[in-house]
Amino acid sequence: MAALRLKAVAGIVLCLFFARINGLSAAGQTTTKAKNGMVVSSSMIASEVGRNILRTGGNATDAAVATAFALAVTLPAAGNVGGGGFMVYHGADGEITSFDFREKAPLAAGPDMYLDQDGNVRDNSNHAGLLAVGVPGTVAGLYLAHQRLGSKPWAELVEPAVRLAEEGFELTWGIYTDATGRLKPRFKKYPSTTKVMYKSDGDFYEPGELWQQHDLARTLRRIQQQGPDGFYKGETARKLAQFMKNNGGLITEADLAKYRAIERKPVHGTYRGYDVYSMPPPSSGGVVLIEMLNILESYDLKKMGHNSALYLHLVTEAMRRGFADRALFLGDPDFNPEIPLEKLLSKSHAQQQRTNIALSVASKSDSAMATQPEEGTHTTHFAVVDSDGNTVSLTYTIEYWYGTGIIAEGLGFFLNNEMGDFNAVPGLTNSKGRIGTAPNLIAPGKRMLSSMTPTIVAKDGKPLMAIGSPGGRTIINTVLQVILNVLDHGMNIGRAVEAGRIHHQWLPDVTVFEPWSMSLDSQRLYKSMGHNLREKPYGGQGRAMGILINYADGVLEGAADTRSQDGGAAGF
Ligand code: GLY
């Protein structure tokens with residue numbers, strides 16, 4: 001029946017479009033199909049939680065709330081209650097909105113708070129230790145989304161997460177790898193973290209062993225019973241503020257009580273007849289994504305061939321220009337009322353940007369060849385589509401993988417180090433990738449600029465694809481390339497999220513590429529145009545999670561990036 005509803009809205013253009021995609025997707029092993037609803041996330045367990053909510057009559061927002069809380073238990077590296085994020089929504093009825101639950105700077109924060117007397121960042125303090133923690137927004141944001149768009153009772157949506165924490169689940173390979181690998185020294189540094197991540201004798205849990213998180217279960221139970229007050233007030237707020245005070249952090253009970261999530265109008269662009277909806281500031285993601293798509297729209301990318309040297313040259317030039325604008329203009333809109341959004345999103349701005357792109361010569365961001373700070377796989381994204389076609393694209397984060405690495409004593413969750421997303425050194429913008437521009441300097445109560453890019457592509461007023469990824473600044477470029485893979489290169493969603501990707505962010509003037517993304521010939525040609533090319537040293541670029549709605553066949557097609565160890569698509 002639900003499948004029929006999907007079929008009922010099929011249009012000729014979509015039929016043709018998907019016929020093309022399906023033609024290429026026959027053996028797409030990474031694509032999962034379902035008819036009635038689907039969740040794709042970086043944790044198969046959490047995807048199944050969301051799928052069960054859909055199966056028992058919940059809508060996409062209900063499933064998103066349940067999935068997000070479940071991820072806080074099963075993917076503690078990025079799923080969270082101690083961080084923040086963004087949700088973009090496109091209803092089957094055409095309602096389009098977004099929710100901003102980005103962390104905020106504590107009231108005691110200021111623009112110079114991390115600087116030593118020489119004006120340098122003191123001991124990496126914007127990323128390490130309790131001074132790096134922003135006021136968490138996740139619980140407020142999920143609650144606001146639920147109040148606006150949810151249908152099932154809040155308590156029912158938090159319950160699966162409480163049970164996963166209380167009763168435990170089989171430890172995943174992803175968590176095992178983290179607990180035994182290069183993060184071990186960080187986890188062992190803080191007794192409150194060691195207690196959760198290791199057994200009482202200090203030994204680690206084996207994959208498949210039952211892993212329980214009792215403090216987290218109690219924290220979630222308070223959220224379940226009291227809503228946001230169970231987090232921002234009362235026992236949780238008191239314990240968190242006390243932990244901060246005892247250990248040199250800034251967040252107080254007043255900071256927590258004051259936190260509010262905001263519903264915002266998504267940014268909108270068009271690309272080859274498709275509508276693109278994404279997150280507005282304080283994310284840079286949507287604006288930069290749409291600017292890059294606008295720049296690329298006038299080239300025949302399909303003809304150039306996927307990841308050919310010419311194609312990647314033009315994609316790089318679009319990235320260079322999008323990221324330059326990111327640095328110059330973007331920050332928290334509540335503190336930067338003058339952001340020229342309309343201009344940045346316009347076709348005329350893209351036209352202007354194209355005038356200085358040469359077809360075979362790289363432009364220069366900076367002549368210095370510099371080391372690019374490694375952008376990891378931090379953050380996590382998931383996508384949900386329900387039986388009516390309501391679609392959610394949600395990315396949230398605690399910044400680094402496991403944030404600060406610090407679990408607040410007695411609360412069971414990791415604290416973010418999101419303050420590192422502010423520009424820490426006012427005025428210092430350099431070839432190494434340090435940005436010191438004004439819109440994203442630290443101020444009390446301000447939200448730090450983000451790159452998270454939860455996006456929904458639509459056609460004829462209907463959601464068509466939900467896509468997003470983790471990966472710091474690489475997120476925007478990952479989402480761009482997955483969209484191009486589908487819309488220009490006709491890939492199915494599985495191929496589109498798996499294909500090799502590149503990243504350029506204006507400064508440093510270096511393109512980082514996944515080794516499998518370019519042939520040796522393309523690398524040679526690309527370098528001959530004047531691009532600086534560096535192979536990504538480890539891991540992949542992001543972990544894209546996406547769902548395509550195939551209206552022609554009445555089928556949902558989802559893909560969890562295999563760059564993610566524990567991810568999966570769950571449909572029914
Ligand atoms: N912490 C990653 C981002 O917000 O872009």
Side-chain angles (χ1 to χ4, degrees), residues 42 68 71-72 75-88 98-105 124 126-128 132-138 141 261-262 264 267 278-289 292 319 322-323 326-327 330-333 372-382 393-405 414-424 433-435 437 439-440 442 446-455 467-480 503 505-506 539 541-545 564:
S42 282
L71 281 164
L75 188 80
N80 69 81
V81 292
F86 305 119
M87 165 173 153
V88 175
S98 72
F99 299 93
D100 166 4
F101 46 101
R102 183 68 162 162
E103 300 95 319
K104 286 180 161 206
N124 194 28
N126 62 335
H127 269 125
V133 186
V135 182
T138 295
I262 300 177
R264 296 190 191 271
V267 286
S278 193
M279 199 62 210
S283 184
S284 61
V287 175
V288 176
L289 172 69
M292 294 191 296
M319 290 172 177
F323 273 80
R326 176 190 193 275
L330 299 181
D332 184 347
Q372 178 145 357
E374 186 56 34
E375 293 278 358
T377 52
H378 344 304
T379 307
T380 191
H381 177 81
F382 63 87
S393 196
L394 193 152
T395 314
Y396 71 153
T397 184
I398 46 176
E399 170 63 346
Y400 279 7
W401 205 230
Y402 296 92
T404 51
F414 280 94
L415 296 166
N416 70 78
N417 53 352
E418 216 71 56
M419 292 293 286
D421 274 353
F422 279 116
N423 297 348
R434 169 78 69 191
I435 306 291
T437 45
N440 190 35
I442 304 168
K446 186 174 176 179
R447 290 170 153 91
M448 57 294 285
L449 185 63
S450 170
S451 296
M452 290 187 283
T453 316
T455 298
I467 188 70
S469 174
R473 280 176 275 191
T474 68
I475 291 173
I476 318 174
N477 290 335
T478 294
V479 172
L480 169 75
H503 174 68
Q505 57 177 43
W506 177 49
Q541 180 177 312
R543 300 168 179 198
M545 301 286 151
S564 143

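Counting convention: from 1, in listed order, for ligands and their atoms alike.
Residues passing the side chain to side chain contact (heavy atoms under 4.5 Å, CB included) test with Ser564, sequence neighbours excluded: Ser42, Arg543, Met545. Annotation: salt bridge (charged side-chain N to carboxylate O under 4.0 Å, His left out) contacts of Arg447 (sequence neighbours excluded): Asp100. Shown here are the side chain to side chain contact (heavy atoms under 4.5 Å, CB included) partners of Ser284, two or more places apart in sequence or in another chain: Val288, Arg326, Leu330, Leu449, Ser451, Ile476.
Classification of the Tyr396-Phe382 ring pair by plane angle, with boundaries at 30° and 60°, yields perpendicular.
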Contact table, ligand 1 N/O with protein N/O, distance under 3.5 Å:
residue: ligand 1; atom: 1 (N); partner: Glu399; partner atom: OE1; Å: 2.5
residue: ligand 1; atom: 1 (N); partner: Glu418; partner atom: OE2; Å: 2.6
residue: ligand 1; atom: 1 (N); partner: Asp421; partner atom: OD2; Å: 3.0
residue: ligand 1; atom: 4 (O); partner: Arg102; partner atom: NH1; Å: 2.9
residue: ligand 1; atom: 4 (O); partner: Arg102; partner atom: NH2; Å: 3.2
residue: ligand 1; atom: 4 (O); partner: Asp421; partner atom: OD2; Å: 3.2
residue: ligand 1; atom: 4 (O); partner: Ser450; partner atom: OG; Å: 2.7
residue: ligand 1; atom: 5 (O); partner: Ser450; partner atom: OG; Å: 3.3
residue: ligand 1; atom: 5 (O); partner: Ser451; partner atom: N; Å: 2.7

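Side chains of Asn417 and His127: a donor-acceptor N/O pair is absent below 3.5 angstrom, by distance only.
Here the closest non-hydrogen pair linking Thr380 and Pro470 is N-CB, 3.9 Å.
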